[in-house]
Amino acid sequence: MRALSLPVPCVQYAALPWRRVRGEIEILLVTTQTTRRWIIPKGWPIPGLSPADCARHEAIEEAGVSGEIGSRSMGSFRYLKRRKNDELLACKVEVFALEVSRQRRDWLEKHLRDIRWCSVEEAIARISEPGLRRLIARFAETLPAEQKVTTR
């Protein structure tokens, strides 16, 4: 296996799908197609779409959810993506908060991925990417007081 070194990492865009249930925040996670790790919907830039619209597109395609998405990134994290040829590609993922208002019964990748609504604490425990765990914890802590959740 070789590592591909780039001075500037490739950029992907992701949605952080969330909702309120009985006053508590829940985060929607999806599994990756190959390793079945828990992540958030993310993907490559799409020509003609803004970064936020790319993230919205991924949320619909990978998790079947839609709603109001932030126009500005809430932050980013980095990870190494393993390509099909076994190369590692350094990626920076810009994340956009998506307050979910609709969850479809059927969507494009429904049969390729599992999805799971989790408490903030459970989401942080399930995700293996440290940068994404930090982003979710920071997101939960920066909500207005009436929406605030605590992380352990």
Side-chain angles (χ1 to χ4, degrees), residues 9-84 89-152:
C10 293
V11 175
Q12 292 186 309
Y13 300 115
L16 177 64
W18 67 280
R19 68 182 181 188
R20 287 184 201 92
V21 176
R22 292 180 292 282
E24 298 295 320
I25 298 299
E26 291 184 338
I27 305 293
L28 182 67
L29 300 180
V30 300
T31 55
T32 62
Q33 290 185 41
T34 53
T35 63
R36 311 304 289 174
R37 290 176 300 112
W38 290 102
I39 58 167
I40 57 177
K42 65 179 173 49
W44 301 106
I46 300 169
L49 292 184
S50 70
D53 286 336
C54 289
R56 179 193 328 266
H57 173 84
E58 295 301 328
I60 293 168
E61 188 175 88
E62 294 183 6
V65 294
S66 57
E68 187 174 334
I69 195 157
S71 59
R72 295 181 53 183
S73 169
M74 58 177 274
S76 64
F77 68 96
R78 293 173 189 260
Y79 80 108
L80 291 175
K81 179 175 182 59
R82 184 176 305 278
R83 304 293 301 245
K84 289 178 184 169
L89 184 63
C91 291
K92 177 182 178 185
V93 182
E94 292 289 339
V95 180
F96 296 82
L98 172 71
E99 186 173 8
V100 174
S101 58
R102 181 169 183 229
Q103 186 168 4
R104 293 172 169 81
R105 289 188 181 139
D106 198 26
W107 61 93
L108 185 63
E109 296 185 8
K110 180 178 183 175
H111 301 291
L112 301 174
R113 300 174 186 272
D114 295 325
I115 65 169
R116 181 179 180 97
W117 283 103
C118 306
S119 68
V120 170
E121 295 83 4
E122 181 184 353
I124 290 169
R126 286 182 176 273
I127 293 169
S128 60
E129 300 296 336
L132 180 53
R133 289 196 309 256
R134 284 190 296 272
L135 261 181
I136 291 172
R138 191 171 70 220
F139 171 75
E141 291 174 3
T142 59
L143 290 173
E146 66 275 5
Q147 300 170 4
K148 197 169 201 170
V149 292
T150 57
T151 57
R152 294 177 205 150

> Shortest non-hydrogen contact from Leu80 to Ala90?
Replying inline: CD2-CA, 3.8 Å

> With sequence neighbours left out, what residues match Arg133 under salt bridge (charged side-chain N to carboxylate O under 4.0 Å, His left out)?
Replying inline: none

> Going by heavy atoms in the side chains, are His57 and Pro41 under 4.5 Å from each other?
Replying inline: no

> Does the side chain of Leu16 come within less than 4.5 Å of Leu135's, by heavy atoms?
Replying inline: no

> Going from CD on Glu61 to CD1 on Ile46, what distance comes out if it is rounded to the nearest 0.5 angstrom?
Replying inline: 7.0 Å

> Of the non-hydrogen atoms in Pro45 and Tyr13, which two are nearest, and what is the gap between them?
Replying inline: CG-CE1, 3.7 Å

> Shortest non-hydrogen contact from Glu122 to Ser119?
Replying inline: N-OG, 3.0 Å

>> Quick check against the 3.5 Å criterion: does Thr31 have a side-chain atom that pairs as donor or acceptor with the backbone of Asp114?
In response: yes

> Taking only residues two or more places apart in sequence, or in another chain, which ones meet Phe77 in a ring-ring contact (aromatic ring centres under 6.0 Å, His included)?
Replying inline: none

>> The test is side chain to side chain contact (heavy atoms under 4.5 Å, CB included); show your working for Gln103 and Ile115 and say whether it passes.
In response: CA-CA 11 Å; Gln103 186 168 4; Ile115 65 169; 3.3 Å; yes

> Once you round to the nearest 0.5 Å, how far does CG of Leu132 lie from CD1 of Ile27?
Replying inline: 9.5 Å

>> Could you measure the distance from the CD atom of Glu68 to the CZ atom of Arg56? Nearest 0.5 Å is fine.
In response: 9.0 Å

>> Nearest 0.5 Å, please: how far is CH2 in Trp44 from SG in Cys10?
In response: 5.0 Å

>> Go through it in stages, so that I can follow the logic: the residues are Ile40 and Val95, the test is side chain to side chain contact (heavy atoms under 4.5 Å, CB included), and I'd like the CA-CA distance, side-chain angles, deciding distance and then a yes or no.
In response: CA-CA 9 Å; Ile40 57 177; Val95 180; 3.9 Å; yes

>> So, taking the atom named CD1 in Ile124 and the one named CZ in Arg134, what distance separates them when rounded to the nearest 0.5 Å?
In response: 11.5 Å

> Side chain of Glu62, backbone of Lys42: donor and acceptor closer than 3.5 Å?
Replying inline: yes

> Is the closest side-chain heavy-atom distance between Glu58 and Gln12 below 4.5 Å?
Replying inline: no

>> Quick check: closest heavy atoms across Met74 and Arg138, and the distance to 0.1 Å?
In response: O-NH2, 3.4 Å

> Are there more than 12 heavy atoms of other residues, nucleotides or ligands under 6.0 Å from atom CZ of Arg72?
Replying inline: no

> Does the side chain of Arg104 come within less than 4.5 Å of Lys110's, by heavy atoms?
Replying inline: no

>> Minimum heavy-atom separation for Leu98 and Ala59, please, with both atom names.
In response: CD2-CB, 3.6 Å

> Given Val100, which of Ile69, Leu28, Val65 fulfils the side chain to side chain contact (heavy atoms under 4.5 Å, CB included) condition?
Replying inline: Val65

> For the atom pair NZ (Lys81) and OH (Tyr79), what is the distance rounded to the nearest 0.5 Å?
Replying inline: 4.5 Å

> For the residue pair Gly70 and Phe96, what are the closest heavy atoms and their distance?
Replying inline: O-CD2, 3.4 Å

> Where the side chain of Trp38 meets the backbone of Ser128, is there a donor-acceptor pair that is under 3.5 Å apart?
Replying inline: no

>> Here's a test for you: under side chain to side chain donor-acceptor pair (under 3.5 Å), which of Glu26, Glu99, Glu24 qualifies with Arg19?
In response: Glu26

> Looking at side-chain heavy atoms only, is the closest gap between Pro51 and Glu94 below 4.5 Å?
Replying inline: no

